[in-house]
There are 2 protein chains.
Amino acid sequence: MHFEELIKAIKERREMLKVTQEGLAELSGVGLRTIKQFESGKGNPTLQTLQKIADLLGLELTLKLKNIAPDK
Amino acid sequence: MHFEELIKAIKERREMLKVTQEGLAELSGVGLRTIKQFESGKGNPTLQTLQKIADLLGLELTLKLKNIAPDK
DNA sequence: TAAAAAAGAGCCATAAAATGCACTTTGAAG
DNA sequence: CTTCAAAGTGCATTTTATGGCTCTTTTTTA
């Protein structure tokens, strides 16, 4: 997932849970400003920040092997 | 995946590919110091840094739904 | 076990992330 | 159209990640 996809996934998940940016900020312990920046695509959050947010939304950050051109 | 698991996954992948921290640094464009810190558990890399590293190792960062106590 | 390579750590300067506050824009409900 | 809540933006400050150098420790290998 590229940057934009990660953002989109988080934003959608937040909205699905009917949580506002403000709510997310309070509950996750991440500053509101930071969340705003991130969701509006202007941020480059640290892993810690990302994890706090994902955690609260019931999402998990994982690393998986990329499919490099699976031959056919 | 928690912090330590992410680190472990990256480190293992790097070693599997027989790339040194130095090689990874050069190839990924991330500073050697940053990689050393990260792999030794002392870092809190930005998403961008993490992606550069993962990319080069053929790994992809993804967000997936956490399994919150799947009832049996 | 000695030499060489790789990994870890300290110091430091610079760039950038995190965050609060106040203000603007957008969007949805009436 | 008006209102109100949520989202986005500018600015300033503090904290911290990045990354170069150098040195130490650990690991590999000959």
Side-chain angles (χ1 to χ4, degrees), chain A residues 1-70, chain B residues 1-70:
Chain A
M1 290 173 101
H2 292 293
F3 217 99
E4 305 73 38
E5 297 176 282
L6 288 174
I7 293 177
K8 191 155 166 277
I10 285 187
K11 192 164 185 169
E12 283 175 358
R13 174 72 175 162
R14 178 177 63 74
E15 287 168 349
M16 173 186 304
L17 295 176
K18 303 219 191 315
V19 181
T20 62
Q21 291 180 339
E22 199 172 342
L24 175 54
E26 286 165 6
L27 295 171
S28 67
V30 173
L32 176 56
R33 196 62 226 287
T34 302
I35 288 173
K36 284 178 182 304
Q37 274 189 18
F38 172 59
E39 281 197 7
S40 61
K42 309 220 166 102
N44 178 27
T46 60
L47 181 52
Q48 207 170 64
T49 294
L50 202 53
Q51 299 240 31
K52 281 190 201 164
I53 293 175
D55 249 41
L56 194 108
L57 296 175
L59 295 174
E60 188 187 9
L61 207 50
T62 70
L63 272 178
K64 53 175 257 194
L65 229 46
K66 245 187 297 190
N67 259 13
I68 303 194
Chain B
M1 290 172 103
H2 293 293
F3 218 99
E4 306 74 36
E5 296 175 282
L6 289 175
I7 293 177
K8 193 155 164 277
I10 285 187
K11 192 163 185 169
E12 283 175 358
R13 175 72 175 161
R14 178 178 63 73
E15 287 170 347
M16 171 186 305
L17 296 176
K18 304 218 190 316
V19 181
T20 62
Q21 291 181 337
E22 199 171 341
L24 175 54
E26 285 165 7
L27 295 170
S28 68
V30 173
L32 177 56
R33 193 66 225 290
T34 301
I35 288 173
K36 285 179 183 303
Q37 273 187 21
F38 173 59
E39 282 197 7
S40 61
K42 309 223 165 102
N44 178 26
T46 60
L47 181 50
Q48 209 170 63
T49 294
L50 201 53
Q51 294 215 325
K52 281 189 201 164
I53 294 175
D55 249 41
L56 193 108
L57 297 175
L59 296 174
E60 189 187 10
L61 207 51
T62 70
L63 272 178
K64 52 176 257 193
L65 228 46
K66 243 186 299 187
N67 257 13
I68 304 193

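Each chain gets a letter, A, B and so on, in the order the sequences are listed, and its residues count up from 1.
Listed by residue number, the members of residues 28-37 of chain A with any heavy atom below 4.0 angstrom from DNA chain D are A/R33, A/K36.
Between A/S40 and B/L50, the residue anchored closer to the 5' end of DNA chain D is A/S40, taking for each the nucleotide with the nearest heavy atom.
Put simply, the side chain of A/E5 gets close to the backbone of A/H2: a donor and an acceptor are under 3.5 Å apart.
The distance from atom CG of A/L50 to atom CG of A/L59, rounded to the nearest 0.5 Å, is 9.5 Å. To the nearest 0.5 Å, the span separating CD on A/E39 from CD1 on A/I53 amounts to 7.5 Å. One distance of note links CD of A/E26 with CD1 of A/I35; it measures 9.5 Å at 0.5 Å rounding.
Here the C1' atom of nucleotide D/dG8 and the CZ atom of A/F38 are 15 Å apart, to the nearest Å.
The shortest distance between the side-chain N/O atoms of A/K42 and the OP1/OP2 oxygens of D/dT9 is below 4.0 Å. Within the structure, every side-chain polar atom (N or O) of A/T20 is placed at least 4.0 Å from both OP1 and OP2 of D/dA5.
A/K8 and A/E4 are not joined by a salt bridge, as no carboxylate oxygen comes within less than 4.0 angstrom of a charged side-chain nitrogen.
Taking every nucleotide of DNA chain C with any atom under 4.0 Å from a non-hydrogen atom of chain A, the first and last of them, 5' to 3', are C/dA17 to C/dC21.
For the pair A/L24 and A/L17, the minimum side-chain heavy-atom distance is 4.5 Å or more.
In this structure, B/K11 reaches the sugar-phosphate backbone alone: every heavy-atom distance under 4.0 Å involves primed, P, OP1 or OP2 atoms, never a base. Here B/K18 lies out of heavy-atom contact (under 4.0 Å) with every strand.
Residues forming a side chain to side chain contact (heavy atoms under 4.5 Å, CB included) with A/K64 (at least two apart in sequence, or on another chain): B/E60, B/T62.
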